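Beneath this line is the structure, given in structure tokens, with notes to follow.
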Amino acid sequence: MTSDPFRPFESSLPGDEALSILQAATAGADDGEIFVERRKSESLVFDDGRLATASYDASEGFGLRAVRGEVAGYAHSTDVSIGALKRASETARLAVGDGGGTLALPPRATNTRLYADADPIDSAPFSVKIETLREIDAFARDLDPRVVQVSASLAAALQEVEILRPDGVHVRDVRPMTRVNVSVIVEQDGRRETGTAGGGGRLGLDGLIDPASWQSKAREALRIALINLDAVPAPAGVMEVALGPGWPGILLHEAIGHGLEGDFNRKGSSAFAGLMGKQVAARGVTVLDDGTIPDRRGSITIDDEGTPSSRTTLIEDGILVGYMQDRQNARLMGVDPTGNGRRQSYAHAPMPRMTNTYMLGGQVDPADLVAEIKDGIWAVGFGGGQVDITNGKFVFSCTEAYRVENGKVGAPVKGATLIGDGATALKQVRALGNDMALDPGIGVCGKDGQWVPVGVGQPTVLMDGLTVGGSAT
């Protein structure tokens with residue numbers, strides 16, 4: 001790996017020869033491409049007063065795909081050479097068979113740039129990164145005598161991709177990514193609790209290593225930990241639930257977003273399959289997937305097939321109006337691709353994936369919305385969860401939540417889980433706050449073994465009839 005400009009079709013894969021090989025592999029196919037990637041990443045973890053981990057990784061490789069109907073042949077290699085490309089083409093060609101397809105038109109061109117292409121790893125000296133983590137550790141410990149352990153991490157990565165299509169069209173993208181995380185453990189009267197905060201995006205490290213940025217994260221992590229020191233066991237039962245703005249949109253992402261990806265709907269395995277044009281949510285609910293927001297973690301100038309990212313309306317005023325599409329599923333469903341064809345790396349074929357998925361806000365002051373709750377909880381932070389895409393059933397754990405009775409916010413609760421299904425939950429939305437926010441830049445989404453960075457968001461949302469799991473007796 002070097003800092004030289006990434007131009008694989010001018011060096012290791014001479015353009016004319018690579019194009020000829022790709023054209024032979026996709027003759028009679030509907031689509032295909034060569035996807036070449038160079039990636040490097042650095043991660044530093046400062047834990048319990050010392051540098052615990054310092055890692056650097058670099059990789060390079062290509063993937064060649066040939067698509068015919070519903071079948072796709074894919075081969076990849078870390079050997080970026082003409083010889084490896086020829087061998088990959090023979091494997092991918094098997095999916096085309098006797099051919100008979102018509103090559104799809106190339107993606108439209110774009111000059112849009114959603115993020116700078118500077119290398120975030122080189123945006124700060126290594127010594128400055130270490131010193132920043134040391135300062136975070138000291139600052140968090142000085143905030144409160146109950147802090148007994150601090151963990152701080154800093155990560156930066158640069159992904160460079162270039163895509164060549166059989167018609168000779170090629171596009172490239174340079175994608176930075178950074179993130180800072182702070183976690184604290186507090187102890188009081190023998191009880192220990194944890195709080196975590198972090199954020200980042202497709203930007204350099206400059207802003208994240210600024211004290212004003214990481215100090216706010218340390219204070220937020222401490223705030224969450226201290227709140228949980230006073231938490232009581234969560235109640236259980238069917239009750240009203242208010243979801244906080246921003247990161248709680250992860251529930252929307254998992255329980256609803258995956259069900260609106262094109263492949264699940266084409267195959268009929270989504271709870272939303274066959275419901276286009278139907279009311280699937282309460283009136284006032286509008287959900288978007290938007291990969292065009294500058295510098296956001298889930299944003300992409302182009303997707304991993306070369307299609308420009310877009311702002312796709314999925315649900316409008318409660319009506320299902322769109323799905324997220326890659327090129328293959330869009331063609332098979334007779335619609336346009338939406339720029340959602342994403343892959344984890346050159347070793348993976350693309351599929352429909354979310355970018356930044358969020359619900360638009362309403363008109364209600366969030367304080368008034370919470371005050372409407374007669375018997376329920378106000379869930380501000382979320383941890384892990386599980387979702388069944390076929391029926392939308394979900395179980396999510398809350399990391400910060402409060403008991404609310406007769407409009408009054410009471411004690412924080414611990415161990416609360418939210419249980420339901422996405423299709424039903426959408427229809428139980430009673431009111432939307434005017435405080436729509438995106439998450440701070442921490443989302444990672446898994447699907448079929450592939451992981452990609454994403455964003456989520458929503459306003460405060462009041463819902464009727466969600467099942468809350470808790471341990472209170």
Side-chain angles (χ1 to χ4, degrees), residues 5-39 59-110 159-173 262-263 266 302-308 325-334 336-337 339-352 448 450:
F6 185 57
R7 298 290 185 267
F9 295 110
E10 297 175 7
S11 54
S12 49
L13 297 174
D16 290 344
E17 195 169 359
L19 178 59
S20 177
I21 294 170
L22 176 60
Q23 288 173 337
T26 56
D30 296 318
D31 209 352
E33 77 281 314
I34 300 172
F35 176 91
V36 194
E37 175 192 42
R38 183 170 73 176
R39 183 194 298 261
S59 63
E60 189 170 334
F62 75 85
L64 188 151
R65 183 175 64 145
V67 181
R68 176 72 179 97
E70 298 187 13
V71 181
Y74 194 70
H76 61 89
S77 175
T78 58
D79 177 13
V80 185
S81 68
I82 288 297
L85 189 62
K86 288 179 178 178
R87 292 188 293 272
S89 71
E90 294 170 359
T91 299
R93 174 70 197 177
L94 296 175
V96 180
D98 295 331
T102 300
L103 190 65
L105 294 174
R108 61 180 176 83
T110 179
Q159 180 195 29
E160 302 168 274
V161 304
E162 186 156 352
I163 303 167
L164 175 66
R165 284 186 41 80
D167 43 36
V169 171
H170 68 89
V171 293
R172 62 174 61 98
D173 197 15
D263 50 352
R266 177 175 64 82
I302 57 170
D303 72 5
D304 294 325
E305 299 177 303
T307 305
Q325 302 285 6
D326 64 354
R327 288 174 60 86
Q328 182 182 22
N329 283 280
R331 184 179 63 258
L332 294 172
M333 296 180 74
D336 293 329
N340 289 92
R342 305 187 66 188
R343 62 182 103 198
Q344 178 176 319
S345 75
Y346 67 87
H348 304 84
M351 66 179 83
D448 291 348
Q450 294 193 42

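Residue indices begin at 1 and follow the sequence shown. Only a predicted model underlies this, so the values are computations on that prediction, with no experimental measurement involved.
- Evaluation of the side-chain hydrogen bond (donor to acceptor under 3.5 Å, both in side chains) test over residues 92-106, restricted to residues two or more places apart or in two chains, returns none.
- Atom-to-atom distance recorded for L164:CG and L22:CG is 5.5 Å, nearest 0.5 angstrom.
- Remark: A95 engages V71 in a side-chain contact (heavy atoms from CB on, under 4.5 Å) (not counting sequence neighbours).
- Sequence neighbours left out, the pairs with a member in residues 73-91 that pass side-chain hydrogen bond (donor to acceptor under 3.5 Å, both in side chains) are Y74-R343, D79-S81.
- For the pair V171/D173, no side-chain contact is recorded, criterion being any heavy-atom separation below 4.5 Å from C-beta on.
- The shortest non-hydrogen separation linking V161 to F35 is CG1-CZ, 3.5 Å.
- G262 and P352 get closest at one heavy-atom pair: N-CB, 3.9 Å.
- Sequence neighbours left out, the pairs with a member in residues 63-77 that pass salt bridge (charged side-chain N to carboxylate O under 4.0 Å, His left out) are D30-R68, E33-R65, R65-E305, E70-R266.
- Although no hydrogens or angles enter the test, the distance criterion places no donor-acceptor pair under 3.5 Å between the side chain of T307 and the main chain of D303.
- Under the salt bridge (Lys or Arg N to Asp or Glu O under 4.0 Å) criterion, D167 pairs with R165, sequence neighbours left out.
- By the side chain to side chain donor-acceptor pair (under 3.5 Å) test, H170 pairs with E162, sequence neighbours left out.
- Here R327 pairs with D31 under the side chain to side chain donor-acceptor pair (under 3.5 Å) rule; sequence neighbours left out.
- With sequence neighbours excluded, the residues satisfying side-chain contact (heavy atoms from CB on, under 4.5 Å) with S345 are E37, R39, A347, H348.
- Contact of the F9 side chain with the L19 side chain is not registered, since no non-hydrogen atoms from C-beta on lie closer than 4.5 Å.
- Shortest non-hydrogen contact noted between A25 and A66 is O-CB, 3.8 Å.
- Smallest separation of non-hydrogen atoms from A330 and P337: CB-N, 3.5 Å.
- Across all their heavy atoms, V80 and G61 have their closest contact at CG2-CA, 3.7 Å.
- Not counting sequence neighbours, D326 has no partner by the salt bridge (Lys or Arg N to Asp or Glu O under 4.0 Å) test.
- Judged as a side chain to side chain donor-acceptor pair (under 3.5 Å), and not counting sequence neighbours, Q23 has no contacts.
- The CZ atom of R108 lies 10.0 Å from the CG atom of D336; values are rounded to the nearest 0.5 Å.
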| said: Run V96 and T26 through side chain to side chain contact (heavy atoms under 4.5 Å, CB included) and show every step you take. | reply: CA-CA 7 Å; V96 180; T26 56; 5.8 Å; no
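- Among residues at least two apart or in separate chains, there is no salt bridge (charged side-chain N to carboxylate O under 4.0 Å, His left out) pair with a member in residues 9-25.
- Proximity of N340 to Q325: side-chain heavy atoms (C-beta onward) are nowhere separated by under 4.5 Å.
- Contacts of D263 classified as side chain to side chain donor-acceptor pair (under 3.5 Å), with partners at least two apart in sequence or in another chain: K447.
- Nearest approach of G69 to L332, heavy atoms of both residues: O-CD1, 3.8 Å.
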- Under the side chain to side chain contact (heavy atoms under 4.5 Å, CB included) rule, what do I82 and L13 come out as? Steps first, then yes or no, please. CA-CA 6 Å; I82 288 297; L13 297 174; 4.2 Å; yes
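- In this structure, I302 CD1 and I163 CD1 are separated by 4.5 Å, a value rounded to the nearest 0.5 Å.
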